[in-house]
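Everything below concerns the one structure shown next.
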Amino acid sequence: MNSIILKGRAKINLTLDVVGKRENGYHDLEMIMQTVNLYDTIYIRKTKVPGVRLKSNYSWLPTNEKNIAYRAAELFFEETGIHGGVAIEITKRIPVAAGLAGGSTDAAATLVGLNRIYETNYSKEKLMEMGLKLGADVPFCIARGTMLAEGIGEVLTPLEPMPSTYVVLVKPPFSASTATVYKSLDINNIKKHPDTQKVIQALKDHDVKEIAKNMANVLEEVTISMHPEIDQIKQGFIKCGAMGTMMSGSGTTVFGLFENEEVAKKASRYFKSQHNIREVYVTTTYSAYHSNAKAHRGQRKVLKRRGVKG
Ligand code: ATP
């Protein structure tokens with residue numbers, strides 16, 4: 001096989017809690033992550049000339065080691081000792097610097113794709129360990145589905161898959177630096193922590209309304225204080241009949257969960273026309289379990305036993 005085309009899907013958080021701070025400044029997290037079906041396309045082709053070449057449909061996106069997919073390819077060649085060459089073409093659809101793990105998912109797809117075209121046969125767990133060297137969200141982007149993420153986000157436990165649900169993503173025309181948001185969080189004065197166990201139970205009960213009702217993200221109050229528009233978008237979602245609404249990651253994307261496709265599409269039109277926001281997407285939750293039930297069952301055991309540690 002000389003080339004492969006992969007989908008790098010985005011993620012949302014159903015919960016995000018900060019449960020501690022390490023001496024090195026890193027935060028200990030507890031969050032429920034969910035893959036959604038909005039994706040970047042990553043085309044990967046073996047080249048005779050060694051080294052990494054990368055291009056994308058966005059002229060302003062870096063094409064050198066500043067691009068995390070480029071670094072993923074370099075890491076792959078370094079770890080495998082293969083003196084190989086690759087051309088990567090990324091078609092981005094996932095909003096950039098938005099709390100949707102857009103870069104991490106491109107890196108994840110690059111590792112998975114290189115493993116296939118170079119026939120290195122590394123296990124998913126080995127690729128996840130490799131991915132962790134690139135970023136805390138990369139292992140999740142390789143595993144995908146519905147997971148509890150602890151540590152800095154890399155200790156993953158698969159949860160009962162989220163039932164298929166419509167998701168409307170609204171990315172306002174401004175971004176928030178993840179580092180600044182975490183630095184601004186006063187962990188001793190958090191107003192509202194999520195009840196993570198309650199959401200895990202709601203997942204077990206396949207109760208989407210209960211999941212939606214209990215979603216919470218401790219970073220929201222920080223990002224909202226910088227960008228009050230985020231709260232206005234949340235209010236908009238409630239007005240449009242969302243079962244629940246929350247900011248994803250450190251923002252600035254806000255999403256709403258909907259039972260019904262028509263209502264979701266109506267909400268999308270509302271944000272485009274009334275809030276004048278260009279980056280609005282209607283998508284659905286993705287379940288690794290449904291698409292590959294047998295493989296996922298095996299994976300659940302491995303992950304539960306070993307976790308994925310740095
Ligand atoms: P996370 O949710 O993991 O914090 P994010 O969705 O907030 O991620 P990204 O879309 O990954 O953020 O982008 C963060 C930064 O990384 C941007 O400033 C962007 O220039 C840079 N970047 C590097 N490579 C990529 C890539 N392949 N796709 C998107 N952004 C990239």
Side-chain angles (χ1 to χ4, degrees), residues 6-16 18 26-27 29 31-36 38-44 52-76 86-114 131-144 147 149 151-154 156 169-183 185 217 219-220 222-223 226-227 230 246-255 279 281 283:
L6 291 168
K7 289 177 179 174
R9 291 180 174 83
K11 64 88 184 161
I12 54 172
N13 290 86
L14 298 175
T15 64
L16 193 160
V18 175
Y26 276 99
H27 289 83
L29 307 175
M31 51 190 180
I32 300 176
M33 316 251 274
Q34 173 63 48
T35 307
V36 296
L38 176 68
Y39 62 88
D40 292 344
T41 306
I42 298 98
Y43 171 68
I44 300 171
V52 183
R53 262 161 298 270
L54 184 147
K55 60 181 181 182
S56 85
N57 55 327
Y58 290 164
S59 58
W60 44 268
L61 207 69
T63 54
N64 53 12
E65 44 286 308
K66 287 193 179 135
N67 195 304
I68 187 169
Y70 186 106
R71 291 202 298 281
E74 281 194 330
L75 178 71
F76 178 85
V86 66
I88 305 169
E89 274 181 51
I90 302 176
T91 307
K92 281 215 80 78
R93 293 185 195 85
I94 304 170
V96 175
L100 299 172
S104 303
T105 204
D106 295 349
T110 302
L111 291 178
V112 170
L114 283 169
L132 182 56
K133 295 184 180 165
L134 299 160
D137 284 348
V138 180
F140 172 77
C141 291
I142 293 173
R144 304 184 296 185
M147 301 231 173
I152 57 165
E154 85 289 20
L156 297 170
L169 302 165
V170 175
K171 161 68 175 62
F174 48 81
S175 289
S177 138
T178 303
T180 311
V181 171
Y182 274 103
K183 263 186 216 139
L185 178 76
N217 176 351
L219 301 179
E220 252 181 20
V222 179
T223 314
M226 298 168 177
H227 301 286
I230 288 174
M246 199 179 89
M247 184 182 82
S248 186
S250 56
T252 51
T253 300
V254 181
F255 67 89
E279 291 190 279
Y281 303 89
T283 184

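As the structure lists them, so they are numbered: ligands from 1, and atoms in each ligand from 1. Heavy atoms only: backbone and side chains are in, while hydrogens, waters and symmetry mates are out.
The shortest N/O to N/O separation between G251 and ligand 1 does not fall below 3.5 Å. Some N or O of G103 is nearer than 3.5 Å to an N or O of ligand 1, by distance alone. Considering backbone and side-chain N/O of P62, none are found under 3.5 Å from N/O of ligand 1. In terms of N/O distances under 3.5 Å, ligand 1 is not approached by L61.
Annotation for A69 and L54: closest pair CB-CD1, 3.9 Å, computed over non-hydrogen atoms. The minimum heavy-atom distance linking A98 with T253 is given by the pair O-OG1, 2.9 Å. The two residues F140 and T35 have their closest heavy-atom pair at CZ-OG1, 3.4 Å.
In this structure, A98 counts as a contact residue of ligand 1, since one of its heavy atoms falls inside 4.0 Å of the ligand. Within the structure, ligand 1 has S104 among the residues with a heavy atom less than 4.0 angstrom away.
In terms of protein heavy-atom proximity, atom 28 (N) of ligand 1 is nearest to K92 NZ, 3.0 Å. Atom 2 (O) of ligand 1 has A101 N, 3.0 Å as its closest protein atom, hydrogens excluded (heavy atom only). The protein non-hydrogen atom at the shortest distance from atom 24 (N) of ligand 1 is I68 N, 3.1 Å. Of the protein's non-hydrogen atoms, T178 OG1, 3.9 Å is the one closest to atom 4 (O) of ligand 1. For atom 18 (O) of ligand 1, the closest heavy atom belonging to the protein is A97 CB, 4.4 Å.
For T283 (side chain) and L38 (main-chain N/O), a donor-acceptor pair under 3.5 Å exists by modelled atom type. For the pair T105 (side chain) and A101 (backbone), a donor-acceptor distance under 3.5 Å is absent. Side-chain atoms of E220 come within 3.5 Å of backbone atoms of M247 as a donor-acceptor pair (strictly under, hydrogens ignored). The closest donor-acceptor contact from the side chain of N217 to the backbone of G249 lies under 3.5 Å. Not one N or O on the side chain of S248 forms a donor-acceptor pair closer than 3.5 Å with the backbone of L100.
R9 and D40 are not joined by a salt bridge, as no carboxylate oxygen comes within less than 4.0 angstrom of a charged side-chain nitrogen.
Which parts of ligand 1 touch D137 is read off a 4.0 Å heavy-atom cut-off, strictly below it: atoms 1 (P), 2 (O), 3 (O). The atoms of ligand 1 that sit less than 4.0 Å from any heavy atom of D106 are 26 (C), 27 (N), 28 (N). Shown in contact with G99 at under 4.0 Å from a heavy atom are these atoms of ligand 1, numbered in order with element: 2 (O), 5 (P), 6 (O), 7 (O).
Distance check for atom 26 (C) of ligand 1: a protein heavy atom is found below 4.0 Å. Protein non-hydrogen atoms do not reach within 4.0 Å of atom 16 (O) of ligand 1.
Heavy-atom neighbours of Y26 OH from other residues, nucleotides or ligands within 6.0 Å: at or below the threshold of 12.
Of all the heavy atoms of N67, the ones lying under 4.0 Å from any atom of ligand 1 are found in both the backbone and the side chain. At a heavy-atom distance under 4.0 Å, only backbone atoms of K66 (N, CA, C or O) approach ligand 1. The parts of V96 lying near ligand 1 are both backbone and side chain, judged by heavy-atom distances below 4.0 Å.
Side chain to side chain, T41 and R93 meet the donor-acceptor criterion of an N or O pair below 3.5 Å.
Using bins of under 30°, 30° to 60° and over 60° for the plane-to-plane angle, the ring pair H227/F174 lands in the parallel bin.
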